[in-house]
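Read the numbers this way: they start at 1 and go in the same order the structure lists the ligands and their atoms.
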Amino acid sequence: MTDERQLLQLLADGYFHSGQDLASKLEISRSAVWKRLQHLQESLGFELYAVSGKGYKLAKPIQLLDRDTLKVTLQESINTTCLPEIDIYLTTDSTNKQALEYARQSPQTPRLVLAERQTAGRGRRGREWLSPFGGNLYLSLYWWFDAMPPSIGSLSLVIATILAKQLEAIGVPRCELKWPNDVRYQGKKLAGILLEMQGEAGGGCGVVIGMGINLDMQGHATETIDQPWIDVKNITGKATDRNELAAHMVANLIIILNKISEEDFSILLEEWQYRDVLCGQQVTLELPNETLKGIARGIDAQGAFLLEQNGQIQCFYSGEVSVRLAE
Ligand code: BTN
């Protein structure tokens with residue numbers, strides 16, 4: 001553990017800690033403690049109180065992501081041969097970008113990258129994913145397939161379905177799924193998924209599964225988010241154990257990734273249908289070169305979106321397609 005992470009861990013309880021106490025625990029000087037705290041504040045953007053005679057205190061307690069806790073929970077749920085390498089950053093540009101960089105060095109090794117904050121979180125269609133420090137979950141799982149699974153097209157739907165079920169397990173009453181992979185609650189975005197592929201010469205393919213889950217935005221400046229959003233704390237009124245959620249989510253994901261080579265989306269079709277927010281609605285479907293209007297008729301066993309126009313139903317697979325509710 002780095003000095004800075006250790007320091008943050010000591011302050012995570014939200015109580016006052018004297019400079020002397022922190023310095024002796026880290027075996028550094030009191031001025032080194034102050035310098036590190038200043039650096040942490042600048043790079044992570046949290047609020048810190050420094051009160052003479054009392055010491056330092058975070059404005060709000062935090063739960064840091066913890067590698068050992070994640071590892072233990074993952075080991076309990078999945079075969080250890082599938083266990084990914086785990087990296088946790090206090091701050092990074094994008095966990096997807098980091099995971100892709102690792103993948104370039106070691107394409108066949110599964111890897112899990114998490115961050116407390118992202119400075120350039122990537123969203124779908126070139127959007128930014130606002131990623132303030134400490135309250136939400138930003139994670140990317142890199143996974144290698146020896147052969148491209150035929151059902152790879154439905155992967156993002158698979159992930160969205162698992163994510164929705166996981167969020168319901170922590171108290172969100174009923175998530176809504178909007179094709180291809182938006183997880184919402186009462187029309188507001190709760191989580192987003194971004195898949196990035198990496199092909200290898202000689203067959204096989206690697207995929208980075210990036211997930212951003214709004215757990216607790218903690219009053220951060222959110223005015224740049226260009227769509228209605230909500231966080232889990234707002235829905236359930238409770239704080240979420242981020243380590244537990246991340247570990248269960250990743251474990252369930254790995255279990256399904258091991259199955260996906262043999263199965264198509266039909267194993268999760270009913271789960272999707274139960275949460276499908278578009279089915280039966282008048283929608284507008286935006287394709288790269290045209291815009292279609294029609295009625296959403298759900299999805300098929302391959303995860304394709306079904307659009308009815310003049311009594312005819314057509315399927316759409318492309319990841320670039322976006323769907324908007326008609327006015
Ligand atoms: C969307 O626009 O709906 C997808 C958002 C995906 C955001 C996550 S956060 C973790 C991972 N790293 C990134 O840079 N993006 C994804």
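For the pair Arg174 and Tyr274, the cation-pi criterion (under 6.0 Å, within 45° of the ring axis) is fulfilled.
For the pair Leu10/Leu26, a side-chain contact is recorded, criterion being any heavy-atom separation below 4.5 Å from C-beta on. Side-chain contact check for Val208 versus Leu194: every heavy-atom pair is 4.5 Å or farther apart.
Ligand 1 places these atoms under 4.0 Å from at least one heavy atom of Thr95: 10 (C), 11 (C), 12 (N). Short contacts between ligand 1 and Ser140, defined as distances under 4.0 Å to a heavy atom of the residue, involve ligand atoms 11 (C), 12 (N). Atom numbering of ligand 1 starts at 1 in the shown order; those under 4.0 Å from a heavy atom of Ile193 are 3 (O), 4 (C). Each of the following atoms of ligand 1 lies closer than 4.0 Å to a heavy atom of Leu139: 10 (C). Close approach to Gly121 involves these atoms of ligand 1, each under 4.0 Å from a residue heavy atom: 14 (O).
Taking CG of Leu70 as the reference point, atom CD1 of Ile86 lies at 5.0 Å (rounded to 0.5 Å).
Between the side chains of Thr81 and Asn79, at least one donor N or O sits under 3.5 Å from an acceptor N or O.
For atom 1 (C) of ligand 1, the closest heavy atom belonging to the protein is Arg124 N, 3.5 Å. The closest protein non-hydrogen atom to atom 15 (N) of ligand 1 is Arg122 O, 2.7 Å. Among protein heavy atoms, the minimum distance from atom 5 (C) of ligand 1 is reached at Trp129 CE3, 3.3 Å. Protein heavy atom at the shortest distance from atom 3 (O) of ligand 1 is Lys189 NZ, 2.6 Å.
When heavy-atom distances to ligand 1 are checked against a 4.0 Å cut-off, Asn181 has no atom that comes that close, whether in backbone or side chain.
The side chain to side chain contact (heavy atoms under 4.5 Å, CB included) test with Thr95 is passed by exactly one of Leu141, Val113, Ile88: Val113.
Between Tyr56 and Trp34, the ring planes lie parallel to each other; the angle is under 30°, not in the 30° to 60° tilted range.
For atom 9 (S) of ligand 1, the candidate residues are Gln227, Gln118, Arg127, Lys97; the nearest heavy-atom contact is made by Gln118.
Salt-bridge formation is detected for the pair Asp182/Arg184: a Lys NZ or Arg NE/NH1/NH2 atom is positioned less than 4.0 Å from an Asp or Glu carboxylate oxygen.
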